[in-house]
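Structure, as structure tokens:
Below, chain A is the first sequence line, B the second, and so on; all start at residue 1. Here the structure is a predicted model, which means the values were calculated and not measured. When reading the values below, keep in mind they use all heavy atoms of this one structure, side chains included, and skip hydrogens, waters and symmetry mates.
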Protein chains: 2
Amino acid sequence: MECKNELQQLLADFKANHMPSVSIDCVIFGFHDGQLKVLLLRWKNTDDWCLPGGRIHKQENMDAAAHRSLRERTGLHEIFLQQFHTFGDVNRYRHYSQIETLAKLGLPEDVAKQVVSRDISVGYYALVEFANVVPTPDIFTDECRWWDIQQIPALLFDHNEMVSLALKTLRRQLSYQPIGYNLLPEKFTMPDLQQLYETILGQTMDRRNFQKRMLGYGILKRLDERKIGGAHKSPYLYRFDKEKYEKALETESLFTT
Amino acid sequence: MECKNELQQLLADFKANHMPSVSIDCVIFGFHDGQLKVLLLRWKNTDDWCLPGGRIHKQENMDAAAHRSLRERTGLHEIFLQQFHTFGDVNRYRHYSQIETLAKLGLPEDVAKQVVSRDISVGYYALVEFANVVPTPDIFTDECRWWDIQQIPALLFDHNEMVSLALKTLRRQLSYQPIGYNLLPEKFTMPDLQQLYETILGQTMDRRNFQKRMLGYGILKRLDERKIGGAHKSPYLYRFDKEKYEKALETESLFTT
DNA sequence: ATATAGTGTGTACTAGATACACATTGAACA
DNA sequence: TGTTCAATGTGTATCTAGTACACACTATAT
């Protein structure tokens, strides 16, 4: 099968042009339909899903490599992307039979073994605007789609752990920095924003207090428009004040006296 | 010079037994004399200082490699050690002429070049009890000692940046988790603890409010003893309630309703 | 004995977070 | 057409954590 040669060629190229031992994995969060979603890839000829990832070119910044991966999977250019943890356990592949999985790709076992020696993987998480994403599989996979965070199946490698830690990091970030700019459309309602927060944190909040707090941050601008077409009273539309939002991102509140 | 052969041999061993492309660097914090200190190494035959670091054995967990490095530099076994960021810019060595520096070790330039291709480096930070540390140089260095955080010189590589970010992470951690267990001796006074906090955060605090807050966390146990020998009224001694301290480490306070 | 400087302790005040209720609107339905 | 319903808009009382602040005590130094 020609796919086999193509893969072997690809692996050879990888070896020549990419840093050995190190890879990148991305937990890409999107928000749609009141649900927090993660973009996953399905390996060719399998039912096994994993996170999108990539490798670092020898003359490429690591962050740039992560952006490149993301761009290739989503079509998006300007995105919130941040490393959250680096994974380096010897047995990070323990949850599955990796040789077996690679064999399904049509690789001979000896080639497969080269691929599966433990790598250090730098985990990034991204926040993207759901509607703008064009999910695109890579050469190893034949499907790329969103999964509800609640319904993610057992993933390959240590990728479930990565998703958990990315979510934990996202939640923590919420406690000292604003979030939403990259997850919501440009104009959104206060209930939209609240639903986002509730979904990420996994808990409900008081409508009135939530609004008070958000407005208190001074990063929102209420528009004159209201959202029309809803079944009930029309809520106001808001958008982020980009400048103040950026400032708030830098000024993280700390333990002080 | 025999040192040269020894070094070349060492590098060959490194290549065979360690993961390529990836290294570890440690920002080791200690507290002494009212000052926050960092452990630095001075390169052989130079006045250039850098952070202690290491490489990962092919069959070794990354965290274990970091612990090993730390053990080798400090003699300490049980220590607080946590990764805080992974550095992967192409120009992370831009701040110095690396070939030149390596030449001072007695390495021929061609060998030196192999060494200096950009690596990904995983940054760890450690909190250790100052008094128990036995600073020990490694094969590349002939001095290992503590530096006041305020007086750290221009370091090799991107190590100044690493120290800054480690400190920033430490400060942030202070805002949602207790700190002190690994930086103070077993028994300490409230003023000791306050001085630690003030040093890390770089700001003074109200004595009474600080005590109230710390006791409010419920992780301290006041002993019947007082510290004797001081020039003034004897302060009480405290120790951490290990169990509650550990619990507090897990239960990080988040943005909630 | 006296001075000095650091420690032990308590109370009033402030601001942010929380709990909570009623009026308004727009579509759906009778 | 008007009645119903569910969601939105808005304000106030309360609670709690954080902050500001003062006086008494004690161990050494003189």
Side-chain angles (χ1 to χ4, degrees), chain A residues 33-34 171 174-180 184 187-199 201 203-239 248 251-257, chain B residues 33-34 171-172 174-178 180 184 187-199 201 203-239 248 251-257:
Chain A
D33 222 5
R171 284 177 173 164
L174 218 57
S175 70
Y176 60 84
Q177 284 184 337
I179 271 195
L184 291 171
K187 298 175 182 179
F188 52 88
T189 67
M190 194 59 75
D192 288 340
L193 185 61
Q194 180 170 355
Q195 197 175 36
L196 172 64
Y197 269 70
E198 290 183 342
T199 304
L201 292 172
Q203 63 185 201
T204 59
M205 303 178 177
D206 182 272
R207 215 160 47 84
R208 293 152 289 187
N209 295 335
F210 179 82
Q211 167 158 323
K212 226 180 302 177
R213 171 152 48 173
M214 285 300 141
L215 294 179
Y217 293 155
I219 55 171
L220 292 177
K221 189 176 174 66
R222 192 171 88 174
L223 307 177
D224 288 333
E225 307 170 64
R226 287 162 171 258
K227 182 178 180 178
I228 51 171
H232 307 288
K233 183 172 180 177
S234 313
Y236 282 104
L237 287 171
Y238 292 80
R239 62 172 175 74
T251 319
E252 52 182 75
S253 65
L254 288 175
F255 175 100
T256 54
T257 296
Chain B
D33 222 5
R171 284 178 172 164
R172 186 187 299 164
L174 219 57
S175 70
Y176 60 83
Q177 284 184 335
L184 292 171
K187 297 174 182 179
F188 52 88
T189 68
M190 194 58 76
D192 289 340
L193 184 62
Q194 181 171 352
Q195 198 176 35
L196 172 64
Y197 269 71
E198 289 183 343
T199 305
L201 292 173
Q203 63 184 204
T204 59
M205 302 179 179
D206 182 272
R207 215 159 47 84
R208 296 152 286 190
N209 295 336
F210 179 81
Q211 168 158 325
K212 223 180 304 175
R213 173 152 44 174
M214 286 300 142
L215 294 178
Y217 292 157
I219 55 171
L220 292 177
K221 190 178 175 65
R222 192 171 87 174
L223 307 177
D224 289 331
E225 307 170 65
R226 285 161 172 258
K227 184 178 180 177
I228 52 172
H232 307 287
K233 182 171 179 177
S234 313
Y236 282 104
L237 288 170
Y238 292 81
R239 61 172 177 74
T251 320
E252 50 183 75
S253 65
L254 289 175
F255 177 100
T256 53
T257 304

Rounding to a whole Å, what distance do you find between [X]:[atom1] and [N]:[atom2]?
X      : N      : atom1 : atom2 : result
B/M205 : D/dA20 : CE    : C1'   : 16 Å
A/R213 : D/dG11 : CZ    : P     : 20 Å
B/Q194 : C/dG6  : CD    : C1'   : 12 Å
A/F210 : D/dA7  : CZ    : C1'   : 16 Å
B/L215 : D/dG18 : CG    : P     : 13 Å
B/D206 : C/dT11 : CG    : C1'   : 13 Å
A/Y236 : D/dT8  : OH    : C1'   : 10 Å
A/Y176 : C/dG16 : OH    : P     : 22 Å

Heavy-atom contacts, protein to nucleotides 22-30 of chain C, under 4.0 Å, summarised as B (base), S (sugar-phosphate only) or - (none) per nt, yield --BBBS---
4.5 Å side-chain heavy-atom contact, B/E198 and B/F210: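 No, side chains not in contact.
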Nearest to the side chain of B/Q211 - D/dT8, C/dG8, D/dT10?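 The closest nucleotide is C/dG8.
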Assess the residue pair A/R222 and A/L215 against the criterion (side chain to side chain contact (heavy atoms under 4.5 Å, CB included)); give the C-alpha distance rounded to whole Å, side-chain angles, the decisive distance to 0.1 Å, and a yes or no. CA-CA 9 Å; A/R222 192 171 88 174; A/L215 294 179; over 6 Å; no
Check A/M205 against A/L201 and note the closest heavy-atom contact, atom names and distance.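 Heavy-atom minimum between the residues: CE-CD1, 3.3 Å.
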Quick check: on DNA chain D, is the nucleotide nearest A/N209 upstream (toward 5') of the one nearest A/P235, or the reverse? Name the residue that is more 5'.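 First, find each residue's nearest nucleotide; the 5'-ward one identifies A/P235.
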Under 3.5 Å, which donor-acceptor pairs do the side chains of residues 230-238 of chain A form with other protein atoms, sequence neighbours left out?
residue, atom, partner, partner atom, Å
A/Y236, OH, A/R226, NH2, 3.0

Any donor and acceptor pair, going by atom type alone, linking the side chain of B/Q194 with main-chain N or O of B/Q211 inside 3.5 Å?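 Side chain of B/Q194 to backbone of B/Q211, a donor-acceptor pair under 3.5 Å: no, none is there.
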Under-3.5 Å donor-acceptor pair between A/K212 side chain and D/dT12 base: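 Flag set: donor-acceptor pair detected.
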If you measure from CG on A/L184 to CG on A/D192, what distance do you get to the nearest 0.5 Å?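 Rounded to the nearest 0.5 Å, the CG-CG separation comes out at 6.5 Å.
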Atom CZ in A/R239, atom NZ in A/K187: separation rounded to 0.5 Å?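 Rounded to the nearest 0.5 Å, the CZ-NZ separation comes out at 9.0 Å.
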